[in-house]
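Contents: one structure, followed by commentary.
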Amino acid sequence: MSAIQPPRPQQPADRIIAALDVPDVDRARVLVEKTRHVVSFYKIGMQLQFAGGLDFARVLVGEGLNVFLDVKLLDIDNTVEKGVENIAAMGVTFATIHAYPKAMRAAVQGRGTAPLGLLAVTVLTSMDDADLNAAGYGSTAEDLVEQRARDAEAAGMTGIVCSAQEVERLRKVLRPETLLVTPGIRPAGSDVGDQRRVMTPADAVRAGSDYLVIGRPIAAAPDPGAAAETIAAEIAAAG
Ligand code: C5P
């Protein structure tokens, strides 16, 4: 089934997806207002979804902004399919599905021909090989990411979410049109927090990331607008 693909970033700043990882819609609105002169793409994740974030997603879409609904779906096929049908109707640009082949195929079915980009979550960037081992997986994060990325392409997904550290390897094996969206971005000298497989914005772009998901380096900065400007300049300089 061929869907209309979401546009690739045109300007350097279009590569930034700012994560609205804040407790409520009021604070999300403040963050949007402080950054929208630079940022046109916002991610609404678990925290905000449980505090009015789905309605806020519709509001942002109505204002012409791009929204990434980070729902990380995984359920039986019928539930995923119907869930994605409703997400597609919201007019958001991206949504995430865990990279299990059946769930991804169901999501693609639910999207139909809607202009919704479906992104496969390969391995969370907070997990390293030891974390995977503790969860019962025998493979390394790198190998599991590659396998899941190939499965995502086979299922008809738009792209994948992975660490920027994996992008160079993946670009060699994936189709050029597969979007690579990378969280775990940390400008030089910033706090890594719970992330494990991190990269700077410039290095992520040079490696071949299409979009950079940036949370705390913008949201927790004393001046989020200035932080976004600095990151946009770094991306532009990286070419
Ligand atoms: O604050 P930070 O920049 O680490 O935020 C990264 C964002 O990307 C968070 O919202 C997190 O949930 C999300 N994410 C991630 N790793 C993935 C998928 C999503 O860090 N594999």
Side-chain angles (χ1 to χ4, degrees), residues 15-24 27-28 31-32 35 39 41-51 53 56-57 60 66-74 92-100 103-104 107 117-129 131-132 135 137 141-142 144-149 151-152 157-167 170 179-205 209-222 224 227-228 230-232 234-235:
R15 292 185 187 277
I16 299 174
I17 302 179
L20 297 175
D21 292 337
V22 290
D24 52 51
R27 271 173 270 200
L31 194 50
V32 169
T35 54
V39 176
F41 214 141
Y42 291 93
K43 184 172 87 71
I44 295 182
M46 196 182 284
Q47 184 182 17
L48 196 57
Q49 282 165 35
F50 290 118
F56 191 56
L60 294 184
N66 292 311
V67 174
F68 173 174
L69 207 56
D70 195 7
V71 274
K72 296 191 178 72
L73 297 183
L74 178 60
V92 299
T93 305
F94 288 151
T96 39
I97 318 295
H98 278 290
Y100 287 76
M104 293 190 290
L118 293 173
L119 303 177
V121 178
T122 53
V123 175
L124 297 172
T125 42
S126 59
M127 295 184 79
D128 58 20
D129 294 349
D131 296 318
L132 282 176
Y137 290 92
E142 266 203 343
L144 190 55
V145 167
E146 182 172 331
Q147 181 198 321
R148 289 181 166 174
D151 291 344
M157 299 285 282
T158 312
I160 64 162
V161 183
C162 63
S163 159
Q165 291 182 5
E166 287 132 19
V167 163
L170 292 172
L179 290 180
L180 301 185
V181 178
T182 58
I185 299 297
R186 290 292 179 270
S190 67
D191 195 359
V192 169
D194 61 348
Q195 295 285 15
R196 291 285 173 273
R197 298 174 356 258
V198 300
M199 215 180 231
T200 66
D203 286 345
V205 169
S209 292
D210 294 295
Y211 289 96
L212 315 184
V213 175
I214 304 175
R216 286 160 288 185
I218 292 177
T230 304
I231 291 168
E234 186 179 329
I235 292 171

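All ligand and atom numbering here is 1-based and tracks the order in the structure.
- Closest to atom 19 (C) of ligand 1, if we only count protein heavy atoms, is K72 NZ, 3.5 Å.
- Looking at atom 16 (N) of ligand 1, its nearest protein heavy atom turns out to be T125 OG1, 2.8 Å.
- Once rounded to the nearest 0.5 Å, the distance linking OH of Y137 with CE of M127 reads 7.5 Å.
- Ligand 1 is never approached by G193 to a heavy-atom distance shorter than 4.0 Å.
- Of all atoms in ligand 1, listed by their number and element, those nearer than 4.0 Å to a heavy atom of L124 are 17 (C), 21 (N).
- Here the heavy atom of the protein found nearest to atom 17 (C) of ligand 1 is P183 CG, 3.5 Å.
- Close approach to R216 involves these atoms of ligand 1, each under 4.0 Å from a residue heavy atom: 1 (O), 2 (P), 3 (O), 4 (O).
- At distances below 3.5 Å, not a single donor-acceptor pair connects side-chain atoms of E142 with backbone N or O atoms of E166.
- Counting the atoms of ligand 1 from 1 in the order shown, those under 4.0 Å from a heavy atom of V213 are 7 (C), 8 (O).
- Evaluation of the side-chain contact (heavy atoms from CB on, under 4.5 Å) rule for A99 yields M104, A120, R148 as partners, not counting sequence neighbours.
- A18 is linked by a side-chain contact (heavy atoms from CB on, under 4.5 Å) to V39, Y42, I218, counting only residues two or more places apart in sequence or in another chain.
- A donor-acceptor contact shorter than 3.5 Å links the side chain of T122 to the backbone of V161.
- Of all atoms in ligand 1, listed by their number and element, those nearer than 4.0 Å to a heavy atom of P217 are 3 (O).
- Between I160 and the choices V167, V181, L180, the side-chain contact (heavy atoms from CB on, under 4.5 Å) rule is met once, by L180.
- Rounded to the nearest 0.5 Å, atoms CZ (R197) and CG (D129) are 8.5 Å apart.
- Ligand 1 has a nitrogen or oxygen under 3.5 angstrom from a nitrogen or oxygen of D21.
- The shortest contact between atom 13 (C) of ligand 1 and any protein heavy atom is with K43 NZ, 3.6 Å.
- Of the protein's non-hydrogen atoms, the one nearest atom 6 (C) of ligand 1 is Q195 NE2, 3.7 Å.
- Within the 4.0 Å heavy-atom criterion, neither part of S163 lies near ligand 1.
- Contacts between D70 and ligand 1 below 4.0 angstrom, taking non-hydrogen atoms only, involve the side chain exclusively.
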Full working for side-chain contact (heavy atoms from CB on, under 4.5 Å) between Q49 and I44 = CA-CA 7 Å; Q49 282 165 35; I44 295 182; 4.0 Å; yes
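- For F94 and F41, the ring centers are positioned less than 6.0 Å apart.
- Nearest protein heavy-atom contact of atom 2 (P) of ligand 1 is R186 NH2, 3.5 Å.
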